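What you see is a predicted model, and the numbers here were worked out from it, not measured in a lab. Quick note: residue numbers are just sequence positions, from 1.
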Amino acid sequence: MTLEQTLPICIAGTWRLGGGERYATCYPATGEPMAWLNAASLDDVEAAVQGAHQAFLHSGWAQRKPHERATVLYRIAGLIRERAEELAQLQRQDNGKPIGETRALVASAAGTFQFFAAACETLEETITPSRGDFVSMSVYEPMGVVAAITPWNSPIASEAQKVAPALAGGNAVVIKPAEITPLLALQLARICEEAGLPKGLLSVLPGKGSVLGDALTRHPLVKRVSFTGGTRTGKHIAHIAADKMMPVSLELGGKSPTIVLDDADLDHAVAGVLYGIFSSSGEACIAGSRLFVARSLYEPFMARLTAAAAQLRVGDPADERTQMGPLISAAHRESVERYVALGLAEGGRLRLGGERPAGGVFDQGYFYPPTILEGLGNHQQVCQEEIFGPVLVAMPFDNEEALITQANDSLYALAAGIWSRDYKRAWALGRKLQAGTVWINTYKQFSISTPFGGWRDSGLGREKGRLGILQYMEQKSLYWGMNDQPLAWAGLETGQ
Ligand code: NDP
């Protein structure tokens with residue numbers, strides 16, 4: 001791929017230029033253009049959905065035996081692994097994450113395809129207990145065309161989490177990746193094609209979500225939307241889905257509390273809090289952005305945390321040692337800066353960071369340092385709204401009752417972290433926290449075998465887990481009559 005080329009996109013089994021406007025994606029570490037492509041047009045949305053529908057009906061994919069579909073998914077996993085380094089480097093350029101992180105995301109995408117291949121070939125349909133003269137069964141059917149709408153922060157991993165179970169379930173998929181990070185979704189489509197996925201079963205439509213994502217969601221042939229992104233967009237999609245009576249899964253934002261109890265192992269807690277908020281430069285839905293520390297420990301803990309945060313290596317994402325790359329865009333960095341200014345206006349104090357780094361690579365890309373605010377209350381705006389950047393708000397707490405009230409006082413309820421040596425205490429607290437995921441003495445660890453999702457404004461439904469495939473299937477009950485006689489109600493004489 002050269003910079004001058006306009007990249008084709010994948011629409012209904014053909015690779016061609018999108019019908020929309022030409023635009024460039026940029027490398028956030030330098031602001032330089034990375035790749036040019038034409039966005040998809042509304043006609044392309046129509047072609048992709050119609051093509052997916054036709055492929056669903058006629059390619060035979062939905063009718064293949066589960067182990068046959070699984071074979072293709074295993075191949076996709078294998079091809080992702082073969083090209084792991086190339087994909088990781090591309091993703092680094094696509095969204096500016098440090099290379100160590102993009103390697104992990106690519107590995108996770110391969111693991112996701114492998115996992116759902118296994119889930120597909122081992123999925124059991126059940127014979128339900130008989131309560132009459134019939135055998136009753138519960139089986140699953142594919143839905144048809146699924147739309148997968150994804151954000152910019154973890155391409156390929158987010159796409160895999162939707163595409164793998166949807167394909168495993170026998171469906172066709174149209175991906176709408178984030179406008180600014182379309183490259184990995186396009187590579188994934190190439191890989192799927194090479195692995196033998198029938199043509200037309202997977203399309204990728206780069207471009208504006210407000211136009212293309214909206215049209216996809218409204219399309220009558222789209223039978224399910226799986227969305228990851230902001231809460232406002234998620235609610236918009238949910239409204240459209242309600243009108244269509246269409247199931248959706250929504251993985252949305254977060255403002256997750258991380259709690260350090262007075263008996264915590266401080267080395268573990270410092271490392272975990274740092275990783276929880278500052279990895280991915282805080283551009284993570286599960287970022288542990290509200291820190292609650294037992295008051296007796298607050299000063300010594302904050303001193304250690306601040307000293308360690310100041311040592312984090314911010315810089316070139318291509319450098320293996322870099323821990324924090326740039327933010328995704330100039331506009332997003334400005335939004336983060338506005339939140340920090342707001343925190344100060346609300347009466348907060350900067351314990352660390354708060355100013356753009358300068359000189360060398362910092363003058364080109366959208367870098368922002370680890371930033372810690374304190375002196376604020378949980379009710380204030382910077383504690384309630386998702387910043388999606390490397391900004392931690394630290395607060396002391398006096399007792400567990402007050403702590404639980406504050407930790408749960410959020411529209412969001414995606415994740416939470418607890419640091420304590422007392423497992424019984426941590427267990428009791430963990431059960432009282434309202435969150436889709438609670439990490440105890442660890443943070444931001446993921447397993448594809450463990451369901452993930454949020455409560456309240458953090459979302460609807462769950463991804464991952466062996467039964468994640470069922471989100472993309474309709475359940476059907478079958479009754480097989482076993483009675484020698486006609487149904488009694490009709491009162492027919494038999495043997496006539
Ligand atoms: P957005 O909601 O703005 O965008 C997400 C996707 O939706 C993009 O592809 C976007 O396209 C598209 N989109 C935008 N408007 C519409 C619309 N009207 N109809 C359909 N699709 C639309 O989120 P961000 O890209 O800003 O991503 C950050 C957000 O994602 C954060 O809130 C974060 O917490 C959340 N997130 C949640 C995760 C989870 O698993 N819970 C994981 C990762 C992120 P376009 O690119 O053109 O805007």
Query - Arg81: partners by side-chain hydrogen bond (donor to acceptor under 3.5 Å, both in side chains), with sequence neighbours left out - result: Gln114

Query - CD1-CD1 distance between Ile259 and Ile418, expressed to the nearest 0.5 angstrom - result: 5.5 Å

Requested in this report: Can you establish whether the number of heavy atoms outside Arg313 located under 6.0 Å from its atom CZ is more than 12?
Outcome: yes

Requested in this report: Taking atom NZ of Lys244 as the centre, report whether more than 12 heavy atoms of other residues, nucleotides or ligands fall under 6.0 Å from it.
Outcome: yes

Report task. With Lys476 as the cation and Tyr140 as the aromatic partner, state whether NZ or CZ is under 6.0 Å from the six-membered ring centre and within 45° of the axis. Result -> no

Query raised in the report: Is the shortest side-chain N to carboxylate O distance from Glu463 to Lys162 below 4.0 Å?
Result: yes

Query - Distance-minimising heavy-atom pair for Gly315 and Thr322 - result: O-CG2, 3.5 Å

Query raised in the report: Any idea which heavy atoms bring Pro98 and Gly325 closest together, and the distance?
Result: CG-N, 3.7 Å

Query raised in the report: Has Arg456 got its NZ or CZ under 6.0 Å from the middle of the six-membered ring of Tyr412, at an angle within 45 degrees of the ring axis?
Result: no

Query raised in the report: Do you know the tightest heavy-atom contact between Phe113 and Val163?
Result: CZ-CG1, 4.0 Å

Query raised in the report: At what distance, to the nearest 0.5 angstrom, does CD1 of Ile180 lie from OG of Ser329?
Result: 5.5 Å

Report task. Check whether more than 12 heavy atoms from other residues, nucleotides or ligands sit under 6.0 Å from atom CH2 of Trp15, and answer yes or no. Result -> yes

Query raised in the report: Would you say Phe446 has more than 12 foreign heavy atoms packed within less than 6.0 Å of its CZ?
Result: yes

Query raised in the report: Do Lys464 and Phe452 meet the cation-pi criteria used here (NZ or CZ under 6.0 Å from the six-membered ring centre, within 45° of the axis)?
Result: yes

**Report entry** Considering all heavy atoms, the nearest Pro155-Asn95 contact
**Finding:** CD-ND2, 3.5 Å

Report summary line: Shortest non-hydrogen pair, Cys192 vs Leu202, comes out as SG-CD2, 3.7 Å

